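A short worksheet on the structure shown next.
Residue numbering restarts at 1 for every chain, and letters A, B, ... go by the order of the sequence lines. The structure presented is a predicted model; accordingly, all values stated were derived computationally and were not measured.
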There are 2 protein chains.
Amino acid sequence: MKVDEIKDAALKFFTIHGYEGASLSQIAEEVGMKKQSLYAHFKGKDDLFLQVLRDAKEAERASKLEYMSGFDEHHPERDLYGFLRLVIDLFQKNEQLKFWLRTSFFPPAHLADAIGQEVVDIETEIQGILERKFKDWIDTKAIYGESAKTPTLAFLGIVDSIMLSLVYDNDEQRLEEKLEACWTVFWRGISHP
Amino acid sequence: MKVDEIKDAALKFFTIHGYEGASLSQIAEEVGMKKQSLYAHFKGKDDLFLQVLRDAKEAERASKLEYMSGFDEHHPERDLYGFLRLVIDLFQKNEQLKFWLRTSFFPPAHLADAIGQEVVDIETEIQGILERKFKDWIDTKAIYGESAKTPTLAFLGIVDSIMLSLVYDNDEQRLEEKLEACWTVFWRGISHP
DNA sequence: AGATGACTGACGAACGTTCGTTAGTTGGAG
DNA sequence: CTCCAACTAACGAACGTTCGTCAGTCATCT
């Protein structure tokens, strides 16, 4: 499907150069056509960008939801650490998560409102699910905690910091160190008072 | 000084729109002149951008170093929590840290190498100082730890996640919750085994 | 026959940049 | 004190290029 080829190329250039820095001619050249021909498949640059964005969002959402559906009540250490590894994996396997990250943090100004709404959507959903899991773990005394919200937000903080490291710590070794450090301290911090 | 006015305007637009999205005409208009006149003060867009970048880097460096020079051996809780508050303060008081964050994570492609070097510079320096402090705290048993590197990296992770929240959690309330959550878990994780 | 998808050609607008030219200021030299 | 030279800071005009977009054409395939 040509549409998907175009979206792949667009994803690549939007990720590297951002919305303003990526040009339709680059994208078209990547798939071997002229930029004007893109208009047979998309209404314009914004349309292409938003479709790529929604695909990326949906992919991230699906991956995370699927992984979290495998959580049980008794192995928070395995499940949470696995979640961090999943994020790293998603990040390295395809560009969608990196694109999503860049776009949600620094959206093109004229689309900021629309994008902000989508970001809040998915974030609220993930946080809600996670918080319910944490509540279970606290109830079963698998971890320590007075409210579920504190470990949830702290964990999401770790996810954020790991994603940032993925962006700018190109060094694989350093990423591993950081992950282990964050995880060690986090787990020590939630596993007992 | 007109040069500083220009740099202020440039900082503003580079922060909002990024390198590619900010135009010299916008910047010039902000200070009440034509874009051609900018060339009396800067060699070009790259020159202006890099000068703004180095100013931002130096400002961040200076603020953090000054704050850390006030650390002592016996109050890690006060000093580290204060450091997080400092970051929030810097972020909200001027745009330089936000600009620095955006640029170091998503630099314009043709300047990526030069910028990457500057990022590594400052990061290495901050981490080194912090790690020595953590070593002191471990030695004086103010905190628990086997090596200084683990709490250092974990703390830097929290700094990263707080900065990210500053970028996209426009909600003040949510930021405070996140800070408290991260800090609570972190401190519990490093204050005893 | 009709629809699809790519093409060519052209559009106005904006980009960063360079040029030559003005004022206005400053600093010595005569 | 004056005069001239150098410098500063802004300007309009234009450069060549690229941008996103639209219109019309032509081959392919159902």
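Phosphate contact (OP1/OP2 of C/dC15, side-chain N/O of B/S25, threshold under 4.0 Å): present. Between C/dC15 and B/S23, a contact under 4.0 Å exists linking OP1 or OP2 to a side-chain N or O. Put simply, B/K45 has no side-chain N or O that comes within less than 4.0 Å of OP1 or OP2 on C/dT17. For A/S37, no side-chain nitrogen or oxygen approaches OP1 or OP2 of C/dG5 to under 4.0 Å. OP1 or OP2 of C/dA6 sits under 4.0 Å from a side-chain N or O of A/H41.
Atom P of nucleotide D/dC19 and atom CG of A/L48 are separated by 15 Å, given to the nearest angstrom. The CG-P distance, from A/D4 to C/dG5, rounds to 13 Å in whole Å. Separating the OH atom of B/Y19 from the C1' atom of C/dC15 is a distance of 11 Å, rounded to the nearest angstrom. Note: CZ (B/F42) to P (C/dG16) measures 15 Å, nearest angstrom. For the pair B/E20 CD and D/dT17 P, the computed distance is 21 Å after rounding to whole Å. Whole-Å rounding puts the B/I6 CD1 to D/dA10 C1' distance at 11 Å. Rounding to whole angstrom units, OH of residue B/Y39 and P of D/dG12 are separated by 16 Å. Straight-line distance from the CE atom of B/M33 to the P atom of D/dA9: 9 Å, rounded to whole Å.
Nearest to the side chain of B/L24, among D/dA10, C/dC7, C/dG16, sits C/dG16.
Of the residues listed (B/F91, B/F105, B/F106, B/F49), the one engaging B/F99 in a ring pair (Phe, Tyr, Trp, His ring centres under 6.0 Å) is B/F49, and it is the only one. Evaluated for a salt bridge (charged side-chain N to carboxylate O under 4.0 Å, His left out) with B/E125, the options B/R61, B/R132, B/K57 yield exactly one hit, B/R61. The residue from A/L53, A/D55, A/L101 that alone fulfils the side chain to side chain contact (heavy atoms under 4.5 Å, CB included) condition with A/Q96 is A/D55.
Taking the charged nitrogens against the carboxylate oxygens, A/K12 and A/D8 have no contact shorter than 4.0 Å, which rules out a salt bridge.
If you check distances only, the side chain of A/Q36 never reaches the base of D/dG20 with a donor-acceptor pair under 3.5 Å. A donor-acceptor contact under 3.5 angstrom links the side-chain atoms of A/K35 to the base of D/dG20. Looking at B/K34, its side chain has no donor and acceptor atom pair within 3.5 Å of the base of D/dG12.
Inspection of the A/Y168 and B/D160 side chains reveals an N or O donor paired with an N or O acceptor under 3.5 Å.
Contacts of A/A22 with the nucleic acid, taken as non-hydrogen atoms under 4.0 Å apart, involve only primed sugar atoms and P, OP1 or OP2.
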